[in-house]
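In what follows, a single structure is set out as structure tokens and then discussed.
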Amino acid sequence: MPSSINRPRGTIDVLPGEVEKWQYVEESFRRICREYGYAEIRTPVFEHTELFDRGVGDTTDIIEKEMYTFLDRSERSLSLRPEGTAPIARAYVEDKLFSGPQPVKVYYQGPMFRYDRPQAGRYRQFHQLGVEVFGSAAPAIDAEVVAMAMDFCWRFGLKLDLHINSVGCGVCRPVMRDKLCASLKTRLEDLCGDCRIRLDKNPLRILDCKVKRCREMAEETAAGLNFLCPECADHFRETLGYLDALNVAYIVDPCLVRGLDYYTRTAFEIMAPGVGAQRSVGGGGRYDGLVEMFGGPPTSGIGYAMGLERFLLVMQEQGLTVPDGGRLDVYLVTAEKDLEGRALTLLQELRAKGICADKDYTGRSMKAQLKQAGKSGAPYVVILGSDELSKGKVALRDMLAGSQTEVPLADLPAQFLKK
RNA sequence: GUGGAUGUAGCUCAGAUGGUUAGAGCACCAGAUUGUGGCUCUGGGGGUCGUGGGUUCAAAUCCCAUCUUCCACCCCA
């Protein structure tokens, strides 16, 4: 007996019954993207490792401990993409999208890979829905991107909080970081162990430390700094103004700093209120230096990504369902074995007209076929029997009402098409 | 990567202190006379008790390891 093989840790099989929800969310995302003027882009699932080292930042957790990196047969170091923005910025440069009309608005959906410790709502292969806009530094596009993300969630009836902040630019952020460090270093003994390390590696992260003491201390210090340069301050104020105009409620959260190095100015996160550590459903922000870092012209950019698994999880928590599609229109039952051939051709005729139809293929009794029909969810059953057939008719059974009529074979497709 | 829980049929779970062929509900399949579903009744299939070692006359039940899932942290989607 060969031993069974399981799926790798942190991965899931999306089975019939569940996959319909995925499809519904994915299709809804496509629709809203089209409405907002985005075109789809597809990039490889793996890239040169260096792309992420440079783009995401080689001191981030994602790069330091979460990448699926491997050597291919030619000894190239490749990595499964841990996120979508760097590859798309790469494509923007490599495929010279900067030479076309600007801004370039693209969306993507697909799997991402991170070697994390799995938990509910957190997987090693997970799926993101995201958008990126290149070539506009206008606060209005910040607002549109954020508003679109919220619009998408609202369409499902999701109740989520929008946290937003400005993390400054290449000019004012380093100044702020230095001041924060200097200030915190004087109180080193008050910081938790993690934060002492963070102080050297990524001091901004102290702002969202779980240890209350650190957090309070950092908040105090940060609030006192009021660090944004006039340009960044204006940009942030205008962005918030547009959000107000769009009736998008937000929480300005001075402690919101995102884990990827490339963010500038606007940073935001969409959080599910309440339970669980994985409350972040999506997030994004501006990344004005990224394209240049990849050898492209100075180009501003902004985008966000949402986690499909988390989106679904929150939907479930909030008791939201999706309309169930994928049902059959009709199930075909044969009363006698020798009608099998006739059943097959009838089935094909119906399908050719776009009617979703199926039958049994395990040689069940008629009674059992009806039972299967019931389970299939098909609202109608067509019963093929020699009595009716001799009159050129079939029996059409309404499974909800439990009633049955005889219908001429020729009229059959019309029965379903009008519904 | 750190700390802590968990693992018995497809699913939800019973199986006190180790002891004959491991159970239930649901699901699945088949029947309940002559061509008809959803209710009911009857019967059936299905588990090397996560996996691998060990202790023991004997282990689902004790010990060790390993894997999975889950919780918290790190971090993030």
Side-chain angles (χ1 to χ4, degrees), chain A residues 1 3-12 15 17 56 59-66 81-85 109-130 149 192-195 197-198 201-202 205 208-211 256-260 269-272 275-284 304-314 331 333-337 339 360 362-389 394-404:
Chain A
M1 275 280 265
S3 58
S4 63
I5 297 172
N6 307 95
R7 56 181 187 268
R9 179 170 203 201
T11 63
I12 52 167
L15 305 176
V56 178
T59 61
T60 60
D61 273 30
I62 292 177
I63 302 308
E64 276 192 340
K65 58 176 201 188
E66 294 174 3
R81 62 181 184 196
E83 60 101 44
T85 301
Q109 44 181 286
M112 304 293 162
F113 305 84
R114 254 120 98 161
Y115 191 88
D116 250 3
R117 194 124 155 199
Q119 228 167 295
R122 181 211 218 141
Y123 304 95
R124 291 187 171 179
Q125 174 175 342
F126 61 100
H127 298 77
Q128 287 190 334
L129 312 169
C192 71
D194 283 335
C195 282
I197 296 166
R198 281 196 268 249
K201 275 177 53 181
N202 200 343
R205 294 228 63 88
D208 62 0
C209 181
K210 289 274 190 328
V211 180
L256 175 67
V257 284
R258 310 216 72 235
L260 288 67
E269 204 160 334
I270 299 169
M271 319 261 263
V275 297
Q278 271 68 53
R279 348 195 271 118
S280 174
V281 175
Y304 69 81
M306 294 208 285
L308 186 42
E309 288 86 347
R310 286 194 188 170
F311 195 88
L312 260 7
L313 198 67
V314 174
Y331 196 94
V333 166
T334 53
E336 292 118 68
K337 284 273 186 308
L339 261 26
D360 174 63
T362 63
R364 288 178 219 267
S365 69
M366 180 173 169
K367 191 188 178 83
Q369 288 180 59
L370 258 315
K371 212 177 258 184
Q372 291 302 314
K375 283 175 201 162
S376 79
Y380 291 93
V381 164
V382 165
I383 302 170
L384 221 52
S386 48
D387 288 359
E388 295 87 342
L389 222 44
V394 292
L396 179 64
R397 184 170 181 80
D398 182 328
M399 293 299 272
L400 250 71
S403 59
Q404 198 167 312

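By convention in this document, chain letters (A, B, ...) are assigned in the order of the sequence lines, proteins followed by strands, and residues within each chain are numbered from 1. What you see below is based on every heavy atom in this structure, not just the backbone, and it leaves out hydrogens, waters and symmetry mates. Predicted model, so just to flag it, every value in this text is computed and none were measured.
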Residue mapping more 5' on RNA chain B - nearest nucleotide basis, A/Q404 or A/R122: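 Of the two residues, A/Q404 wins.
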Of A/Y115 and A/S386, the one whose closest RNA chain B nucleotide lies more 5':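 This one resolves to A/Y115.
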Identify which nucleotide among [options] has an atom closest to any side-chain atom of [X], counting heavy atoms from C-beta outward.
{"X": "A/I383", "options": "B/C71, B/U36, B/C75", "result": "B/U36"}
{"X": "A/R397", "options": "B/G37, B/C74, B/C70", "result": "B/G37"}
{"X": "A/Q119", "options": "B/C71, B/C75, B/G37", "result": "B/C71"}
{"X": "A/E66", "options": "B/C75, B/G37, B/C71", "result": "B/C75"}
{"X": "A/A120", "options": "B/A77, B/G37, B/C70", "result": "B/C70"}
{"X": "A/R364", "options": "B/C29, B/G35, B/A77", "result": "B/C29"}
{"X": "A/K367", "options": "B/A32, B/A77, B/C29", "result": "B/A32"}

Counting any heavy atom closer than 4.0 Å, what does [X] reach on the DNA or RNA strands: base, sugar-phosphate only, or nothing?
{"X": "A/G284", "result": "nothing"}
{"X": "A/Y123", "result": "base"}
{"X": "A/N6", "result": "nothing"}
{"X": "A/I270", "result": "nothing"}
{"X": "A/E269", "result": "nothing"}
{"X": "A/G130", "result": "nothing"}
{"X": "A/K65", "result": "base"}
{"X": "A/A373", "result": "nothing"}
{"X": "A/M306", "result": "nothing"}
{"X": "A/V333", "result": "nothing"}
{"X": "A/E388", "result": "base"}

Any donor-acceptor N/O pair, A/R81 side chain to A/P111 backbone, under 3.5 Å: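 Side chain of A/R81 to backbone of A/P111, a donor-acceptor pair under 3.5 Å: yes, one is there.
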A/Q369 (side chain) donor-acceptor with A/T334 (main chain) under 3.5 angstrom: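 Yes: the side chain of A/Q369 pairs with the backbone of A/T334.
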Sticking with atom [atom1], work out how far [N] lies from [M], rounded to a whole angstrom.
{"N": "B/G25", "M": "B/C67", "atom1": "C1'", "answer": "30 Å"}
{"N": "B/C62", "M": "B/C28", "atom1": "P", "answer": "35 Å"}
{"N": "B/G43", "M": "B/U48", "atom1": "C1'", "answer": "27 Å"}
{"N": "B/G38", "M": "B/G31", "atom1": "P", "answer": "13 Å"}
{"N": "B/U68", "M": "B/G1", "atom1": "P", "answer": "11 Å"}
{"N": "B/A22", "M": "B/U66", "atom1": "P", "answer": "31 Å"}
{"N": "B/U6", "M": "B/U69", "atom1": "C1'", "answer": "7 Å"}
{"N": "B/A77", "M": "B/U51", "atom1": "C1'", "answer": "32 Å"}

Rounded to the nearest angstrom, tell me the gap between atom [atom1] in [X] and atom [atom2] in [N].
{"X": "A/M271", "N": "B/C75", "atom1": "CE", "atom2": "P", "result": "13 Å"}
{"X": "A/Q372", "N": "B/G38", "atom1": "CD", "atom2": "C1'", "result": "13 Å"}
{"X": "A/I62", "N": "B/G1", "atom1": "CD1", "atom2": "C1'", "result": "15 Å"}
{"X": "A/D61", "N": "B/C75", "atom1": "CG", "atom2": "C1'", "result": "5 Å"}
{"X": "A/L370", "N": "B/G38", "atom1": "CG", "atom2": "P", "result": "9 Å"}
{"X": "A/L313", "N": "B/A77", "atom1": "CG", "atom2": "C1'", "result": "11 Å"}
{"X": "A/R124", "N": "B/U69", "atom1": "CZ", "atom2": "C1'", "result": "12 Å"}
{"X": "A/K371", "N": "B/G35", "atom1": "NZ", "atom2": "C1'", "result": "16 Å"}

If you round to the nearest 0.5 Å, how far is [atom2] of [Y] from [atom1] of [X]?
{"X": "A/K367", "Y": "A/Q372", "atom1": "NZ", "atom2": "CD", "result": "13.5 Å"}
{"X": "A/I383", "Y": "A/Q404", "atom1": "CD1", "atom2": "CD", "result": "4.0 Å"}
{"X": "A/H127", "Y": "A/L312", "atom1": "NE2", "atom2": "CG", "result": "11.0 Å"}
{"X": "A/E309", "Y": "A/R122", "atom1": "CD", "atom2": "CZ", "result": "13.0 Å"}
{"X": "A/I63", "Y": "A/E83", "atom1": "CD1", "atom2": "CD", "result": "8.0 Å"}

Give a yes/no on whether any side-chain N or O of [X] is located under 4.0 angstrom from OP1 or OP2 of [N].
{"X": "A/K375", "N": "B/C29", "value": "yes"}
{"X": "A/R9", "N": "B/C67", "value": "no"}
{"X": "A/R117", "N": "B/G1", "value": "no"}

Which base sits across from [N] as a Watson-Crick or G-U pair, both distances under 3.5 Å?
{"N": "B/C28", "value": "B/G44"}
{"N": "B/U56", "value": "none"}
{"N": "B/G3", "value": "B/C71"}
{"N": "B/U34", "value": "none"}

Torsion-based syn/anti label for B/A16, 90° from 0 as limit: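 Base orientation: syn.
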A/T11 versus A/Q125, side-chain donor and acceptor atoms under 3.5 Å: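 Not at all, the side chains of A/Q125 and A/T11 share no donor-acceptor pair under 3.5 Å.
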Heavy-atom check, side chain of A/K65 versus side chain of A/Y115, under 4.5 Å: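 Contact flag for A/K65/A/Y115 side chains = no.
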